[in-house]
Amino acid sequence: MEGSGDADWRLALWTLFSVLLPVLITAWCSLQRSRRQLLMRDILRKSKHDWHYTDLFGQPSYCSVCAQHILRGAFCGCCGLRVSERCLRKADQRFPCKEVMARGSAGSVPHRWIRGNVPLCSCCIVCKQQCGTQPKLCDYRCVWCQYTVHDECMVDCLRTEDCTFGEFKDLIIPPYYLSAINQMRKEKKTNYEKVVPYCRKHWMPVMVLANTRSGNNMGETLLGEFKMLLNPVQVFDLSKIAPAKALQLCTWLPCNAVRVLVCGGDGTVGWVLDAIDEMKIKGQERYIPQVAILPLGTGNDLSNTLGWGAGYAGEVPVEQILRNVMEADGIKLDRWKVQVTNKGYYNLRKPKVFTMNNYFSIGPDALMALNFHAHREKTPSLFSSRIINKAVYFFYGTKDCLVQECKDLNKKVELELDGERIELPNLEGIIVLNIGYWGGGCRLWEGMGDEPYPLARHDDGLLEVVGVHGSFHCAQIQVKLANPVRLGQAHTVRLILKSSKMPMQVDGEPWAQGPCTVTITHKTHALMLYHSGEQTDDDDASSLSE
């Protein structure tokens with residue numbers, strides 16, 4: 001009996017030990033992680049580096065301080081330094097980051113060399129052989145021009161030589177330029193053009209405005225890659241700074257020379273274009289930039305229309321994106337005013353006013369957008385993938401095919417094109433188009449191309465108006481099995497909702513609307529950039545850039 005009691009005690013102790021050990025290990029790991037986070041937060045608050053912590057580097061990496069191989073640690077998103085956790089404070093003190101603003105002698109900046117962790121497949125500027133092939137901390141990279149050089153090829157003249165800023169010299173804002181402009185502002189001088197000769201002859205500085213919440217959440221990665229290639233002061237995170245504030249940098253730069261790359265969906269592009277309109281109101285017309293798009297959203301119809309593609313998933317290197325921005329052609333984009341005036345008792349309220357770049361719609365596609373928007377508001381964490389977003393749209397489209405919530409629309413609305421009343425057939429939806437693409441890549445106005453309809457343009461001051469018979473008809477149009485009901489083109493569109501409540505949307509922003517009058521008139525033009533090197537449809541879209 002005594003031996004049995006000892007065995008029971010040993011079993012109880014082992015059971016307690018097996019339960020407590022994982023708990024203690026988990027608590028210890030949590031404590032260590034908390035200490036690391038506190039250390040990182042303290043350093044981040046004081047550091048001039050753009051430090052990011054990673055649990056696993058994407059390529060073989062070596063600490064810039066102790067030269068040891070590391071799997072995890074911190075890296076600077078601006079200069080590319082990589083260090084282990086224990087060496088982070090030393091690296092922060094020992095290595096300066098890219099200087100966004102610095103005095104230069106006669107407009108010159110020396111190379112800023114960082115040792116080790118050079119990009120894969122880079123070549124030495126001296127011997128033209130591949131760099132970074134040895135399994136150790138070796139070779140150098142300039143944080144401005146991105147040139148690389150072997151340890152044995154590094155000579156004193158390279159250490160003191162002026163940096164040319166490399167392939168993207170015409171896009172980079174040099175630190176000495178900002179220093180000179182800042183000094184002139186202190187002296188209350190505004191003739192910034194005198195500083196331009198210190199830069200290049202064909203200088204067209206680019207600003208990058210990225211929405212880190214768009215599409216597949218690639219914005220964070222893109223911010224770091226653009227900061228590596230450009231001056232970090234040119235790259236803005238729209239989740240931390242509003243476009244209107246970011247665009248004030250344009251007033252420090254030469255007139256009519258700035259290009260803006262918007263990384264986000266069509267909603268982000270509209271947000272930036274609204275901020276540019278504010279610049280016009282403030283009398284800053286001569287500083288208006290031209291806008292290019294890197295599509296990160298779900299629909300990206302405006303991006304598709306302007307030749308930038310239907311969606312970016314990292315397949316094109318950031319360097320090629322900057323080359324495309326340099327080579328793009330300037331065009332104009334019509335922007336429209338959408339005024340919604342409530343009827344009856346509610347007409348005492350001010351009308352709702354929207355700015356439209358893409359399209360306005362009432363009916364099934366607006367209902368899908370409204371359902372999607374409501375679902376995303378409840379659980380935003382589920383909508384971080386472009387594929388999931390499209391699957392949700394498909395679900396609500398299928399549901400509407402069965403329910404038909406928008407049937408008999410033609411009995412509830414009146415449509416006027418340039419003051420002329422249009423007799424409507426049996427419809428469930430009406431779509432007013434400014435651009436060629438709709439619904440995530442469909443050329444709605446041209447349809448299947450079996451009739452001689454001219455291509456829709458985005459700069460002719462005309463709107464294309466079509467009707468659809470329902471969600472199933474929309475799906476048929478998108479796969480080129482049906483044509484829309486073409487209702488006409490007009491400079492002014494007026495739609496009267498006589499009864500009931502219907503879903504409406506402007507550029508993907510939906511709402512439920514009671515009886516009202518919707519008036520769409522031309523507002524202004526936006527200066528955009530058209531990329532002619534990429535076509536996303538079989539149709540010939542060359543006329544868009546004319």
Side-chain angles (χ1 to χ4, degrees), residues 206-219 222-223 226 234-239 241-247 249-250 258-280 288-313 321-322 324-325 328-338 354-361 369 373 386 389 433-441 456-459 505-510 523-531 534 536 544-545:
V206 66
M207 293 171 55
V208 178
L209 277 62
N211 187 348
T212 55
R213 298 190 180 98
S214 288
N216 291 338
N217 291 329
M218 292 193 62
L222 288 168
L223 281 172
F226 282 119
Q234 299 171 242
V235 184
F236 298 90
D237 182 353
L238 293 182
S239 66
I241 183 171
K245 191 170 182 180
L247 289 169
L249 180 61
C250 294
V258 182
R259 297 190 166 196
V260 168
L261 175 63
V262 180
C263 307
D266 287 347
T268 305
V269 178
W271 190 20
V272 173
L273 294 181
D274 287 341
I276 291 175
D277 285 345
E278 290 179 22
M279 293 178 66
K280 297 176 184 177
I288 297 300
Q290 294 176 305
V291 179
I293 306 171
L294 183 61
L296 301 183
T298 302
N300 303 313
D301 290 305
L302 180 57
S303 170
N304 220 352
T305 299
L306 300 179
W308 296 102
Y312 178 76
I321 293 170
L322 291 177
N324 294 342
V325 173
D329 302 314
I331 60 166
K332 288 184 178 181
L333 171 73
D334 289 325
R335 304 194 77 210
W336 300 82
K337 176 184 176 183
V338 180
F354 305 88
T355 300
M356 183 183 85
N357 302 311
N358 299 359
Y359 37 72
F360 163 86
S361 69
H373 182 74
R386 190 180 289 131
N389 293 353
L433 298 155
N434 178 46
I435 60 176
Y437 285 93
W438 164 86
R457 295 180 61 94
H458 48 262
D459 60 354
Q505 70 156 339
V506 174
D507 291 353
E509 295 297 325
K523 178 181 178 182
T524 184
H525 284 107
L527 301 178
M528 307 299 291
L529 288 168
Y530 180 84
H531 175 44
E534 179 180 342
T536 56
L544 292 173
S545 59

Undergrad: Under 3.5 Å, side chain of Trp308 to main-chain N/O of Leu529, donor-acceptor pair present?
TA: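 Pair found, side chain donor or acceptor close to backbone of Leu529.
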Undergrad: Hey, is the main chain of Phe360 close enough, under 3.5 Å, to the side chain of Gln505 for a donor-acceptor pair?
TA: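 Absent.
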Undergrad: Would you confirm whether Asn434, through its side chain, and Asn357, through its main-chain N or O, come within 3.5 Å as a donor-acceptor pair?
TA: yes
Undergrad: Charged N to carboxylate O below 4.0 Å: is that the case for Arg335 and Asp507?
TA: no
Undergrad: Please examine the side chains of Leu209 and Thr268, heavy atoms only from C-beta on, and report whether any two atoms are closer than 4.5 Å.
TA: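 SC-SC contact between Thr268 and Leu209 ruled out.
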Undergrad: Can you name the closest pair of heavy atoms from Ala246 and Ile241 and give their distance?
TA: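 Shortest heavy-atom contact: N-CD1, 4.1 Å.
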Undergrad: In sequence, state the C-alpha distance, the side-chain angles, and the governing distance for Ile435 and Leu333, and then conclude on side-chain contact (heavy atoms from CB on, under 4.5 Å).
TA: CA-CA 9 Å; Ile435 60 176; Leu333 171 73; 4.2 Å; yes
Undergrad: Any side-chain heavy atom of Thr524 sitting closer than 4.5 Å to one from Lys280?
TA: yes
Undergrad: Go through the side-chain N and O atoms of Asp334 and His525 and say whether any donor and acceptor fall under 3.5 Å apart.
TA: yes
Undergrad: Is there a side-chain contact (heavy atoms from CB on, under 4.5 Å) between Ile288 and Leu527 once you walk through the steps?
TA: CA-CA 8 Å; Ile288 297 300; Leu527 301 178; 4.0 Å; yes
Undergrad: Any side-chain heavy atom of Glu509 sitting closer than 4.5 Å to one from Phe354?
TA: no
Undergrad: Taking salt bridge (Lys or Arg N to Asp or Glu O under 4.0 Å) as the test, write out the residues that go with Lys337, two or more places apart.
TA: none
Undergrad: Under a 3.5 Å cutoff, is there a donor and acceptor pairing between the side chains of Asp301 and Tyr359?
TA: yes
